[in-house]
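Notes for the one structure printed next.
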Amino acid sequence: MEEVEVVVAHHERATLRVGDVFLKIDPDRARTGVEVEAMAMAPIPTPEVLWRKPPVLALAALPGTALGRLGEPSTASAAAWAAAGAAARVLHDAPLPPWPGRSSDELASLLDGECEWLVTNGVLPADLVTRNRRVAEAALRPWTPVFTHGDLQVSHVFVDGDEITGVIDWSEAAQGDALYDLAVLTLGHEEHLGDVVAGYGTHVDLDVIRAWWSLRSLLAIRWLIENGFDPYSPGCEVDVLRSRM
């Protein structure tokens with residue numbers, strides 16, 4: 001009998017691995033629907049959908065290993081990071097999904113609320129929050145929407161050698177800012193930003209990517225704490241914020 005591995009679990013959803021099959025359990029049918037539709041639309045490799053019986057979605061495992069993990073040095077080659085940038089460019093050049101993402105005004109409102117919570121509850125020093133809120137402003141500008149993955153963190157990109165074998169976890173896919181995907185991919189791995197941009201193959205505003213690092217981290221910390229994750233771990237969200245000081 002295959003062993004059951006808990007890949008991730010929190011109050012919103014859980015992912016289990018049984019052999020070469022991943023079982024994603026999510027009571028939010030709309031979110032699962034977005035994931036399935038986005039994978040069908042994406043012009044880059046994605047997991048094969050084996051079956052879907054809400055609230056469970058069964059996906060085939062991808063070959064290879066994750067490009068890296070937040071808080072850990074990546075052992076992937078510069079060429080693999082460049083390939084991830086190239087895959088992001090292919091996605092961003094694809095036709096838009098029919099559903100919108102968050103606007104800059106919505107993000108600004110969320111950011112204000114999270115910054116207030118972080119300071120009021122003594123989670124982070126006020127000067128750290130204030131500085132990163134100021135840095136984040138550069139991301140809150142008009143952008144031309146593209147097909148974004150929406151959660152293109154390094155552990156969601158799989159590689160075999162220097163080649164991308166697939167990208168997982170598409171439930172946040174939507175119309176959005178291309179530089180957000182690049183920022184999420186390189187969050188905590190600033191040393192690989194040059195490789196990703198080289199693979200992406202066009203000019204990007206590095207200040208906006210750095211702004212998204214601050215914004216993403218500020219928005220994530222409360223959720224991480226409330227769901228049993230540790231944003232204070234070395235190299236993770238709090239360290240990303242400290243690096244902006």
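Residue indices begin at 1 and follow the sequence shown.
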key: Trace of the salt bridge (Lys or Arg N to Asp or Glu O under 4.0 Å) decision for D151 with R216   = CA-CA 10 Å; D151 192 18; R216 164 90 173 190; 2.7 Å; yes
Worked check of side chain to side chain donor-acceptor pair (under 3.5 Å) between S104 and W143
CA-CA 9 Å; S104 59; W143 59 72; over 6 Å; no
Discussion item. Assess the residue pair V123 and I225 against the criterion (side chain to side chain contact (heavy atoms under 4.5 Å, CB included)); give the C-alpha distance rounded to whole Å, side-chain angles, the decisive distance to 0.1 Å, and a yes or no.
Written reply: CA-CA 10 Å; V123 176; I225 292 171; 3.9 Å; yes
- Please report the C-alpha distance between F229 and W223 in whole Å, then the side-chain angles of each, then the deciding distance to 0.1 Å, and finally whether the ring-ring contact (aromatic ring centres under 6.0 Å, His included) criterion is met. CA-CA 8 Å; F229 301 100; W223 186 94; 5.8 Å; yes
With side chain to side chain donor-acceptor pair (under 3.5 Å) as the test, would you mind laying out the steps for D162 and S77 before giving the verdict? CA-CA 7 Å; D162 297 339; S77 66; 2.5 Å; yes
Side chain to side chain contact (heavy atoms under 4.5 Å, CB included) evaluation trace for V34 with W170:
CA-CA 7 Å; V34 165; W170 290 80; over 6 Å; no
Mind running side chain to side chain contact (heavy atoms under 4.5 Å, CB included) on R210 and D207 for me, showing each step along the way?
-> CA-CA 5 Å; R210 295 184 182 102; D207 286 338; 3.4 Å; yes
(message) For T186 and D195: C-alpha separation, side-chain torsions, deciding distance, then whether side chain to side chain contact (heavy atoms under 4.5 Å, CB included) applies.
(response) CA-CA 10 Å; T186 54; D195 299 323; over 6 Å; no
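By the rule that hydrophobic residues join a cluster once side-chain heavy atoms approach within less than 4.5 Å of another member, L224 and V129 end up as members of separate clusters. Side-chain heavy atoms closer than 4.5 Å link hydrophobic residues (I, L, V, M, F, W, Y) into clusters, and following such links, even through other members, never connects Y180 to L96. Residues I168 and M39 are members of separate hydrophobic clusters, defined by side-chain heavy-atom contacts under 4.5 angstrom among Ile, Leu, Val, Met, Phe, Trp and Tyr. In the hydrophobic clustering of ILVMFWY residues, with side-chain heavy atoms under 4.5 Å counting as a link, L50 and F22 come out apart. L16 and V49 fall into different hydrophobic clusters, where Ile, Leu, Val, Met, Phe, Trp and Tyr are joined by side-chain heavy atoms under 4.5 Å apart, directly or via other members.
For the pair R133 and T130, the minimum side-chain heavy-atom distance is 4.5 Å or more. T15 places none of its side-chain heavy atoms less than 4.5 Å from the side chain of L23. Contact check for L111 versus L107: no side-chain heavy atoms found under the 4.5 Å cut-off. Here the side chains of R242 and V238 are in contact, with some heavy-atom distance below 4.5 Å. Inter-residue side-chain proximity for Q153 and L185 is flagged as unmet; no heavy-atom pair is nearer than 4.5 Å. Counting heavy atoms from C-beta on, the side chains of D26 and L57 never come closer than 4.5 Å. At a threshold of 4.5 Å between non-hydrogen side-chain atoms, the residues V21 and L59 do not count as touching. Counting heavy atoms from C-beta on, the side chains of P95 and M41 never come closer than 4.5 Å.
For the atom pair D105 CG and L140 CG, the distance stands at 8.5 Å (nearest 0.5 Å). The CH2 atom of W117 lies 8.5 Å from the CG atom of L124; values are rounded to the nearest 0.5 Å. Rounding to the nearest 0.5 Å gives a distance of 6.5 Å between OG1 of T165 and CG of D160. To the nearest 0.5 Å, the span separating CD1 on I209 from CG on L193 amounts to 5.0 Å. Remark: T65 OG1 to F158 CZ distance equals 7.5 Å, nearest 0.5 Å. For the atom pair CD (E237) and CG (L218), the distance works out to 10.5 Å, reported to the nearest 0.5 Å.
What you find for L67 and A84 is that their closest heavy atoms are CD2-CB, 3.9 Å. Across W213 and A183, no two heavy atoms sit closer than the pair NE1-O, 3.0 Å. Taking all atoms of both residues into account, the shortest heavy-atom contact from A87 to I44 is O-CG2, 3.6 Å. Contact record, D239 with P234: OD2-CA, 3.4 Å, taken as the closest heavy-atom pair. Of all non-hydrogen atoms in L187 and L70, the two that sit nearest each other are O-CD1, 3.4 Å. Of all non-hydrogen atoms in R69 and S155, the two that sit nearest each other are NH1-CB, 3.3 Å.
Of the possible donor and acceptor atoms, none in the side chain of S109 sits under 3.5 Å from a partner among the backbone N and O of E106. Between the N132 side chain and the L241 main chain, a donor and an acceptor come within less than 3.5 Å of each other. Judged by distance alone, with hydrogens and angles left aside, the side-chain atoms of D181 form a donor-acceptor pair with the main-chain N or O of G150 at under 3.5 Å. Between the side chain of S217 and the backbone N or O of S214 there is no donor-acceptor pair closer than 3.5 Å. D177 places a side-chain N or O within donor-acceptor distance of the main-chain N or O of L179, the cut-off being under 3.5 Å. Remark: side-chain polar atoms of H149 are paired, donor with acceptor, to backbone N or O of D169 under 3.5 angstrom. In this structure a side-chain-to-backbone donor-acceptor pair under 3.5 Å is missing from Q175 to F147. With hydrogens and angles disregarded, no donor-acceptor distance shorter than 3.5 Å links the side chain of S171 to the backbone of R31.
Residue pairs satisfying the side-chain hydrogen bond (donor to acceptor under 3.5 Å, both in side chains) criterion with at least one member in residues 35-60, sequence neighbours excluded, are listed as follows: K24-E35.
In this structure, R131 does not pair ionically with D127, as no charged nitrogen and carboxylate oxygen lie closer than 4.0 Å. The existence of a salt bridge linking D20 and R17 is confirmed by a sub-4.0 Å separation between a basic side-chain nitrogen and an acidic carboxylate oxygen.
For R141, the CZ atom counts as densely surrounded, since its 6.0 Å shell holds more than 12 non-hydrogen atoms of other residues, nucleotides or ligands. Residue E137 qualifies as enclosed at atom CD: its count of foreign heavy atoms under 6.0 Å is above 12. Heavy atoms from other residues, nucleotides or ligands lying under 6.0 Å from CD of E191 number more than 12. For CZ of R102, the number of neighbouring non-hydrogen atoms (other residues, nucleotides, ligands) closer than 6.0 Å is 12 at most.
Aromatic rings of W81 and H189 (six-membered ring for Trp) have centroids within the 6.0 Å cut-off, being under it.
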